[in-house]
Amino acid sequence: MASSASAAALLPLPSPSCSSSEDSDDGKHLPSPPAPEANTPPTQQQKRRRLERDYNVAMKALALAGDLDEVVAVFAELKRTAADGGDGGAPPNVLCYNTLVNALAEAGREGEALKAFDEMLASGVAPNASSQNILIKMHARRSEFDLAWELIHKSGVEPDVGTYSTLIAGLCRAGKIVEAWGVLDWMLEKNCRPMVQTYTPIVQAYCRDGRIVEAKLLMAEMERLGCLPNVVTYNVLIRALCDDDKFDEVEQVLMESSTKDWKPSTVTYNIYMNGLCKKGKAKEALELLDVMLGEGLEPTAYTWSILLNCLCHSSRLLDAIYLLERSTELKWYAGVVAYNTVMSSLCEMGKWRGIMKLLTDMIKKGIEPNTRTFNILIRSLCVGGKSSLAKSLIHSQGFAANVVTYNILLHWFYYHGKLAEANRLISVMEEKNIAPDEVTYTIIIDGLCRERKFDAATACFLKSLTSGLSMDVLTVLLNRLVYADKIWEINRIFDGKDFVPDHHVFDLTIRTFCRAGYCHYRTFYKLNLILDAMLKRNSLCAHYTMEYQTVEDHALGNTQAHMSGSGVEMPIPLVKRNRMRRNRSRKRSRMKVARRTGANEGIQRWIGRSRGLTAASPPVHRHCHCCLLPTATAKAFYLSPSPPLLPFGASHSFAKVCTIEAKARNKPATHSPLPKPYSPTLPPCSLPQKHRFNVVHTQPTWTGATDVVFFAL
DNA sequence: GTAGGGTTAG
């Protein structure tokens with residue numbers, strides 16, 4: 001059964017009332033113009049339409065080839081043609097504008113994209129759903145979800161399945177799976193039916209997080225809903241399985257493809273071969289070429305690149321070079337990518353002379369090197385100790401240096417302690433208007449920290465926030481600061497007005513401190529200080545209620561409850577603060593006894609009791625130490641007549657939250673919850689670990705209702 | 001003929 005047909009047949013949803021993409025297409029629902037008779041010359045309007053279509057196809061092809069300037073030029077020509085023609089200088093239609101805006105946005109020229117969009121509006125051309133989706137995609141890529149949101153609400157264009165899918169894809173790409181589920185809920189509320197393109201990004205987000213079990217569960221759910229996963233969805237899964245070394249499972253997935261109504265494509269094999277190659281199984285990867293050919297699948301440029309990479313990784317560099325040279329005989333056009341692949345391998349081996357030779361070869365063949373080719377050359381020169389030559393190359397004509405080029409050199413200078421050179425290069429970047437990216441900031445921050453210039457590194461991080469928070473950059477800085485015991489600087493990070501720590505930041509901070517040994521009871525106060533600073537000024541206060549305790553707090557019977565900054569206090573039924581305060585001295589002595597006697601079980605029971613738990617509670621409950629709950633969940637538990645002991649630990653708890661939340665909204669749950677979004681398995685608690693924290697990050701549920709960070713003793 | 005999910009070199 002075709003997936004779309006089965007989706008339509010089985011999905012228990014009313015027909016979408018929102019506009020579909022076809023609805024919004026230009027003129028699709030207008031009465032069709034009369035078909036020209038065989039000997040009637042085409043009308044002016046038909047000629048115009050044909051012209052626009054031809055220009056649009058050309059623009060799309062140029063955009064695909066990456067020739068943006070040419071796209072812009074062709075569009076300008078179309079406008080000129082219109083102005084010179086006899087149709088009163090009508091502007092290009094919405095499809096042509098969409099192609100232009102999309103091409104510019106995809107190339108990272110967002111400013112120009114927005115300008116083109118404004119020009120379209122000024123010309124009186126009404127945007128359609130696609131125009132909106134292109135802009136949403138652009139905003140989502142820049143993590144400007146508020147702008148995307150505003151656009152949807154203010155544009156007046158009814159969102160369609162493409163709009164929601166774009167938003168979901170953007171959220172997933174930004175790691176915001178919970179929010180993506182929220183959008184899915186929202187589109188269901190609007191009676192807009194999800195497609196395989198809507199679910200696949202979520203599957204991918206799970207896979208990217210290494211949450212393959214959940215990805216597979218979602219795929220099973222898709223099947224159940226009649227929205228069958230297609231080859232793209234399976235490709236996402238296969239990639240994750242490869243990354244996880246689960247090649248047997250890949251084989252099984254491929255074996256089952258015929259019964260599951262999907263057919264592996266060249267991309268599937270490309271992913272599989274690349275996965276094998278990355279895990280050192282280049283031989284097996286090369287063998288797959290025959291399997292692929294046997295299935296009648298033609299290798300693409302990607303395939304050849306992967307194969308070349310496999311050869312390089314299996315110490316068959318000469319074979320790779322041979323393959324490059326013989327590519328024409330193999331009816332394969334070895335382009336710049338293929339050359340770059342082999343040159344990268346030579347670079348890793350420090351063979352810069354070999355790179356120079358291949359560069360000459362490709363130029364002789366008429367293959368034009370691109371920026372990446374030069375970057376490989378620059379890197380190889382640095383590795384080969386020819387950094388001065390590399391530096392001079394960057395200024396030579398015909399070489400379009402990009403941010404990667406500067407990153408390579410910056411890394412080299414910092415690595416060798418040449419701070420003055422690095423600073424000069426940063427100035428050149430500024431002069432040439434080359435914006436630093438995440439990697440630049442990582443290199444600079446790491447370099448400065450290595451020179452023990454922690455203050456400058458922190459300032460650099462705060463500056464990086466102007467282009468958005470990068471968890472990678474934060475990870476590097478936090479690691480360095482924590483290991484160097486620079487608590488004041490860490491505090492400064494969380495003082496920045498632009499910085500809004502979310503649960504990922506909390507998680508990272510806690511993990512970093514714990515890994516650096518701050519989980520010991522004597523030093524834990526430092527993490528405590530930082531968490532306090534984070535809580536004081538984070539926007540989570542509006543959405544979250546956080547309550548945490550340290551081991552020592554437990555021992556002393558202190559409970560610090562940090563309540564919502566919005567003034568709405570969320571009662572936490574789990575903590576009986578007053579009773580604890582009354583019994584403080586008794587508990588302190590009990591704790592002392594437990595410690596002295598090494599009665600670990602006693603401590604466990606005590607912690608359990610202090611949290612209103614019974615000895616029969618599953619271990620995960622007794623180990624719980626810190627939790628971060630969205631208000632909605634806290635509310636749900638508060639509303640529940642018989643609240644579960646803790647909002648995590650068993651899947652039925654999640655089901656309960658879902659039901660309660662659905663009831664609160666006076667409507668039935670639209671989905672069946674995905675079972676067991678995580679497995680509550682914790683390492684057994686043993687005495688030597690009593691002062692060590694493990695941070696367990698549970699996964700959000702499908703509703704986005706629960707996202708819990710907690711420590712385990 | 002526009003948008004919305006997947007693959008290469010770094």
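These figures come from a predicted structure and were not determined experimentally. By convention in this document, chain letters (A, B, ...) are assigned in the order of the sequence lines, proteins followed by strands, and residues within each chain are numbered from 1.
In this structure, the CZ atom of A/F374 is 16 Å from the C1' atom of B/dA9, given to the nearest Å. Between A/F117 atom CZ and B/dT2 atom P there is a gap of 18 Å when expressed in whole angstrom units. For A/K278 and B/dA9, the NZ to C1' distance is 12 Å, given to the nearest whole Å. In this structure, A/L276 places its CG atom 16 Å from P of B/dT7, rounding to the nearest Å. Atom CG of A/L410 is separated from atom P of B/dG10 by 20 Å (rounded to the nearest Å). Straight-line distance from the CZ atom of A/R48 to the C1' atom of B/dG1: 14 Å, rounded to whole Å. Rounded to a whole Å, the OH atom of A/Y302 is 8 Å from the P atom of B/dT7. Rounded to whole Å, the distance from CG on A/L307 to P on B/dT7 is 18 Å.
Among the atoms of the strands shown, base atoms are found under 4.0 Å from some heavy atom of A/M195. Heavy atoms of A/S305 sit under 4.0 angstrom from at least one base atom. No contact: A/V404 has no heavy atom under 4.0 Å from any strand.
Few gaps surround NZ on A/K365; more than 12 heavy atoms of other groups in view lie less than 6.0 Å from it. In A/E287, the CD atom is crowded: over 12 heavy atoms of neighbouring residues, nucleotides or ligands sit closer than 6.0 Å. Heavy-atom neighbours of A/K351 NZ from other residues, nucleotides or ligands within 6.0 Å: at or below the threshold of 12.
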- Message: Under the criterion ring pair (Phe, Tyr, Trp, His ring centres under 6.0 Å), I'd like the reasoning laid out for A/Y55 against A/F75: C-alpha separation, chi angles, the key distance, then a yes or no.
- Response: CA-CA 8 Å; A/Y55 269 79; A/F75 186 79; 9.4 Å; no

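Look at A/K137 and you won't find any side-chain N or O under 4.0 angstrom from OP1 or OP2 of B/dA3. Regarding contacts with the backbone of B/dA3, a side-chain N or O of A/K60 is found under 4.0 angstrom from either OP1 or OP2. OP1 or OP2 of B/dG5 lies within a sub-4.0 Å distance of a side-chain N or O belonging to A/R173. Between A/Q132 and B/dA3, a side-chain N or O to OP1/OP2 separation shorter than 4.0 Å is absent. OP1 or OP2 of B/dT7 has at least one side-chain nitrogen or oxygen of A/R239 nearer than 4.0 Å.
Of the listed nucleotides (B/dG10, B/dG1, B/dG6), B/dG1 has the atom at the smallest distance from the side chain of A/E52. The side chain of A/D160 lies closest to B/dA3 when the candidates are B/dA3, B/dG5, B/dG1. With B/dG4, B/dG5, B/dG6 as the candidates, the nucleotide lying closest to the side chain of A/V231 is B/dG6. Residue A/R372 has its side chain nearest to B/dG10 when only B/dG1, B/dG6, B/dG10 are considered. Among the nucleotides B/dG6, B/dG4, B/dT8, the one closest to any side-chain atom of A/V236 is B/dG6. When each of B/dA3, B/dA9, B/dG1 is scored by its nearest atom to the side-chain atoms of A/C96, the top-ranked nucleotide is B/dG1.
Of the charged side-chain nitrogens involved, at least one lies within less than 4.0 Å of a carboxylate oxygen, so that A/K216 and A/E249 count as a salt-bridged pair. In summary, A/R50 and A/D54 do not engage in a salt bridge, as defined by a charged side-chain N under 4.0 Å from a carboxylate O. Between A/K115 and A/E112 no salt bridge is recorded (no basic side-chain N to carboxylate O distance below 4.0 Å). A salt bridge is defined here as a Lys NZ or Arg NE, NH1 or NH2 lying under 4.0 Å from an Asp or Glu carboxylate O, and A/K279 with A/D243 fails to meet this definition. A/R141 and A/E106 are joined by a salt bridge, as a carboxylate oxygen and a charged side-chain nitrogen come within less than 4.0 angstrom of each other.
The stretch residues 264-274 of chain A touches DNA chain B through A/S265, A/V267, A/N270, A/I271, A/N274, each having a heavy atom under 4.0 angstrom from the strand. Annotation: proximity of residues 98-105 of chain A to DNA chain B (heavy atom, distance under 4.0 Å) is found for A/N98, A/T99, A/N102, numbered in ascending order.
For A/F247, there are no ring-ring contact (aromatic ring centres under 6.0 Å, His included) partners, not counting sequence neighbours.
Judged purely by atom type and a 3.5 angstrom limit, A/S380 uses its side chain to pair as donor or acceptor with the backbone of A/L377.
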